[in-house]
Every structure is written in C-alpha cells, then in structure tokens.
Amino acid sequence: MSDSDFMASSRDFIREAIAEDIHAGRFDGRLQTRFPPEPNGYLHIGHAKAIGLNFDVAAEYNGICNLRFDDTNPLKEEQEFVDAQLADIRWLGYEPANVYYASDYFVQLYEWAIELIEKGRAYVDDLSQEEIRAYRGTLTQPGSESPYRNRSVEENLDLFRRMKEGEFPDGAKVLRAKIDMGSPNINLRDPVMYRIRHVEHQRTGNEWCIYPMYDWAHGQSDSIEGVTHSLCSLEYLNHRPLYDWYLDALDVYHPQQWEFARLHFTYTVTSKRRLLRLVQEGYVNGWDDPRMPTLAGQRRRGVPAKALRDLCDHVGVARTNSTVAIDLLEYYIRQELNRTANRVMGVLDPLPVVITNFPEGETEWLEAVNNPEDESAGSRHVPFSRNLLIERADFMEDPPRKFFRLAPGREVRLRWGYFIRCENVIKDARGNIVALHCAYDPETKGGYAPDGRKVRGTLHWVSADHAVPAEVRLYERLFKVENPYDVPEGQDFTANLTANSLSVQNSAQLEPSVQELAVGETVQFERKGYFCLDPDSDKERLVFNRAISLRDTWAKIQASTPRRKSGERG
RNA sequence: UGGGGGAUAGUUUAAUCGGCAGAACACCUGACUCUGGAUCAGGCAGUUGGGGUUCGAAUCCCUGUCCCCCAGCCA
C-alpha cells in the first residue's frame, strides 16, 4: 500500500471500510458512489459534506460518482430544483459521471414488486392510513398484523395491477412488504412500498398513479446502477436492515450502505421545511438570497466553493453528531479570499476631503498592487485628484486613545498615495462635519517620507471626480442566537431572526477599475471586507454583496474599552 | 420506556488498534506591517462519572450518566 492509499484509507471509518473492500476484492475492486438528493428544495452548506464525500471518495479510488435525483414523491418535487441542484454541485467543483433519476426505474421497481408478491413477501393492504398507524404499535409495543396480510398471491397480484391501473382512489390501498410486525425496528413492521397518488410527476407525467416509497426505491436504484457504497446520513441507520432485506428478497446485486453524521452550523437552520418558510414568508429574497445557507445563496454572496470544501476536509467524516461554529466557515472564507481576491479601494460612507495644495482639474495615476498575497496578480493605476473621499469613520474630531486614523492636525497615509495632514474641518450650520481640508506632501508619493517620518494610519480613499457609485448590501447573520431552534414556549424559530440582517449602503463610491468586474467576481475593498458583484448590477448601477468583513481588531478594541461618557471627553 | 447510534479543550477534530493526549477555529499576549488585513512567535484550555485489568488505558472489562435517531401512504 502506498503512502497516499494509507492516508486515504485511514482518514475516516468509511474510507477505511472502502479500502478494505477494495483490498479484499469485494465488488471486483470497483468503487461507485452516488449523491441522491430529492429535488424538493435547494442544496445547502450541510449538503456540501455529503457531496464532497461521495465525489472525493470516488476520485480517490478511481471510481465514479453519479448524481441521482430521488424523485419518488411528485407532490414535493419540481424541475426548478433539479436544475438548481445540478448547478450547485458543479459550482462546488464536482461533475457527476452520470445524471440519473429514480423515476427512470419505475418499471423495473414495479416488476420487482410483482416478484415479491409472487414470492409471498408483499401484499396489498386495505387498511386506512390511521389504521396502519394503529396496527404498527409503538416504540415499546409490538405491532399487530393486518387482516389483509394473508391474501392469496393471486388476489394480491390482481389488486396491485388494478392499483397501478388507477382503479382505486388515493389512500385506498397500499402495497406492503411482509416482514415482521413484532420487530423492535419499526421500519421492519411491514413497511409500505407503494402508495396511490393520482398526481402528475414532473418527469413521468400521468403514466403512474402509484409511487414507490424511499426505502423501496433507494436500494434497488443503487443496485440497478451498480453502486458499491451507498453513503447516507445517520438517520438512515435504522433503515439499513430494510435496505438489505429488499435486496436479499430480490436476490439482486447488493451494494453496501454506510451512514455518517450530517453537518450542522451554529446560527443557521438547514431543514428544508424552515428554509422554505424563510423564502415563502418573505424573510429573505428567494432561495439565493446571500443570507441563505443554500449553496446558491452562498455563491451569490461571494463565498468561494473552496472554503466549503476546506471546511468539510477539516471536519471529516464520523458518526458523531456535531455542530460546527460558523466562525470556522468564516475563517476558511477569509483564508481563501485573502489568497485569491484582488484588492480595490472603495469608500462605503464617504466624507469629502479637499487636497488644498493639489491643483484643480489635474489627475495623477498611482500604481496600486492588486494582491499583496499574490505577485502574479500584478498592479493597476488609481486616479488621485484634488477632491477625494475617505471613510467617515476614519476621521474623528476628538479621537480617543489608540485611534490611529485622521484627526485635526494629524498626518496619515493614503493607501498607494501620499501622506496628508488634516488642516481644517468644515461644518454645516448644524455642526455636522461635511468636508475636510488637507494638505498632501508631494515628497511622500508611493507612501514613504524621504525624511523617514512615520505615520500610524493608512486610509483607503477614492478620487471623487473618478469614482463609480455603487449599492453595497451588508449582511448580518440571519439568526441572532447560536441555536435558532431554541425558542421560548409558543414561538418558533423565526423569533430568533436578526432584526435587520440586510442593510443597504447607497452612497458607496468605488475606484473606477471595478467597472471591469464580472458578475459573481469577488474582490476585497481594502480595510473593509470582501465584496461580490451581484447579478442585480447593470451599467447604471453596480451592486455588491459583502461576502464577509475583514477581521477587525479596531472594532474589538473599541468594544472592550469601557466607553467614556461624552461629558468626560477631552 | 423497545431498538439503534454516539460522547476527547468553549467548538470541530487527531492519537499508527495498550505506549509522551497532537492540531485547527475562537480567545489572550507580543513581534512585524503602506490594509487595525495578512504573516510570525507565544499563551489559555481536554479524554462523560465511578470501579477494574495492566509497568502503562482516550483505547480493554464492569457499571452508571448524558445526547441523537426511529411509531409518514416524507426523503
């Protein structure tokens, strides 16, 4: 075994089991996985783990991974979700070897069901839904057998055929596997295989009015496709005996199911039901709202797929339920963006600065490095003029200690530009600061003073005469508490929603080079954070989403310093 | 409560199947810096309780505790 084989096999219990199987020649040494979402919603960051595991494992063992849409319940499924899920998987960086649909196997499944009936291992039950529930027993009490359980094979065959032909209304009958009503595993108490649903399926139209249940469809689909390792989440552990029972009863090719823990995050909900509510009740603007934990939302927000993959690698695969702190995802997002995102200067909340000793109407183009972390990213030129804009928060008339930015009489550096000194504060009639008059030192071009004097602060800025206006959307976490499900009596998770998780900055002014950005591209606005050009942008108006802020130690210092009352100041 | 799965710093994890509990995030210092970013150095902090076997236990045995999943004609 080579080093890399060893590494791969020892990474987690699933890879270990797979390595053993391959070594033992099980499945002829073949490896095939599948990612099997139901197209009833958008994929979210929790799915990234299952997607990555299935595709990565396949790649590691020279196998293949298919995408299979588990479309057995037409009530909930839509083509929109099929398309979105495929797009999201591709965005994550994976390409399915094949795209399959469980609905492609409806005929085979039907024939297999007849085979089970003929073997005396399945029967048509006339019990109502409520009766079936009552007959099933409870967690602690065994169930009891349906009075229809011992119908003849002929009668079952006839009834099942008529179910399929649409003779009975929804709910009138079901096909059940005949297993064991006394089993301690409730999944084995004669599970339903088919239910009657006179609804149109998004792919098979009105061809069918009986639809297979998950358990009946899943293992058989795996078998048909030749899946070797069927990897799913922990809640299916109790289903494995049924998965195996069907395959054994049919005596067909038998894949191996393995279960692993799902990925959860703090400050996040990922249940489809709740995500659907956020969308339907208008708490967010659609499935791809940048605040949503959906892959579509994260992509739109500017989160790099690599960050998600790195996080999954770190978390690994185990059977332990865990909730990852969202800070860890944020760390990987920053780490990746720091490496890859070009820098740009943009002022979100502008304060005019007049460079009193710079000639009116003149422009000087200064060289600015695109990415200090990546020399190959090169440089660009940014315009400098008499009329500049800086961030309002970068000036204080009466600065506290440790404030390194601009203040009356104080000198700072303009990023990639000159040192400037604040000489005058201009106010309106009400005393609001409306502009600053500063003098620049022509000797400090490039950011260094020939006399060796130093400044504490470096500010980002733009030339007001050249700046491009933009709308900037800032996002807070959607939920204000670590565990959104933790709510007071009588309330639901929406009680934990952050009040203003979206705030729009309409007055942002950016350096002109942003006009060359493509939609979906993420750049760093220096000192502010990473921002992604939104599809809402047009020629007239650029729209950016803040993917994430930069780490902000100054904010931390401010927060930890006991605030002085205004009366105590100065 | 029947059945099944699980428990290692605050969080997510590693420990080559009995041999020095090692990382990352978060947090705190400090250095450096033309981003209060990044980087670098350091610090804080852990084996679910009890008992046993052993020279030696996160790991094996016994016995508790706690958490998760299952009673859809959802997946």
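Lettering of chains follows the sequences in order, A, B, ..., and the numbering in each one begins at 1.
- Within residues 452-461 of chain A, the residues approached by RNA chain B to less than 4.0 Å at the level of any non-hydrogen atom are Thr458(A), in residue-number order.
- The gap from the C1' atom of C62(B) to that of C69(B) amounts to 27 Å, rounded to the nearest Å.
- No hydrogens or angles were tested; on distance alone, a donor-acceptor pair under 3.5 Å links the side chain of His239(A) to the base of A75(B).
- With both pairing distances under 3.5 Å, G2(B) is matched to C70(B) as a Watson-Crick or G-U wobble pair.
- In this structure, Lys306(A) is not positioned above the aromatic face of Tyr332(A) in the sense of NZ or CZ being under 6.0 Å from the six-membered ring centre and within 45° of the axis.
- Salt bridge annotation for Glu336(A)-Arg339(A): present, with a cationic side-chain nitrogen under 4.0 angstrom from a carboxylate oxygen.
- In this structure, Lys173(A) is positioned above the aromatic face of Phe168(A), its NZ or CZ under 6.0 Å from the six-membered ring centre and within 45° of the axis.
- Applying the 3.5 Å distance criterion, the base of C70(B) shares no donor-acceptor pair with the side chain of Asn187(A).
- In this structure, Arg527(A) fails the cation-pi test against Trp554(A), since its NZ or CZ atom is not both closer than 6.0 Å to the six-membered ring centre and inside 45 degrees of the ring normal.
- A salt bridge is defined here as a Lys NZ or Arg NE, NH1 or NH2 lying under 4.0 Å from an Asp or Glu carboxylate O, and Arg453(A) with Asp441(A) meets this definition.
- Looking at which nucleotide of RNA chain B each of Ala318(A) and Leu234(A) is closest to, the 5′-most match is held by Leu234(A).
- Here Tyr214(A) does not pack flat against the base of A75(B), since the 5.5 angstrom centre distance and 30 degree tilt limits are not both met.
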**OP:** Step by step, work out the ring-ring contact (aromatic ring centres under 6.0 Å, His included) result for His218(A) and Tyr236(A).
**Re:** CA-CA 11 Å; His218(A) 205 89; Tyr236(A) 293 103; 7.1 Å; no
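- The listed nucleotides are G37(B), C74(B), G36(B); the one nearest the side chain of Arg551(A) is G37(B).
- Taking the 5.5 Å centre cut-off and the 30° plane limit, the aromatic side chain of Tyr331(A) is not classed as stacked on A24(B).
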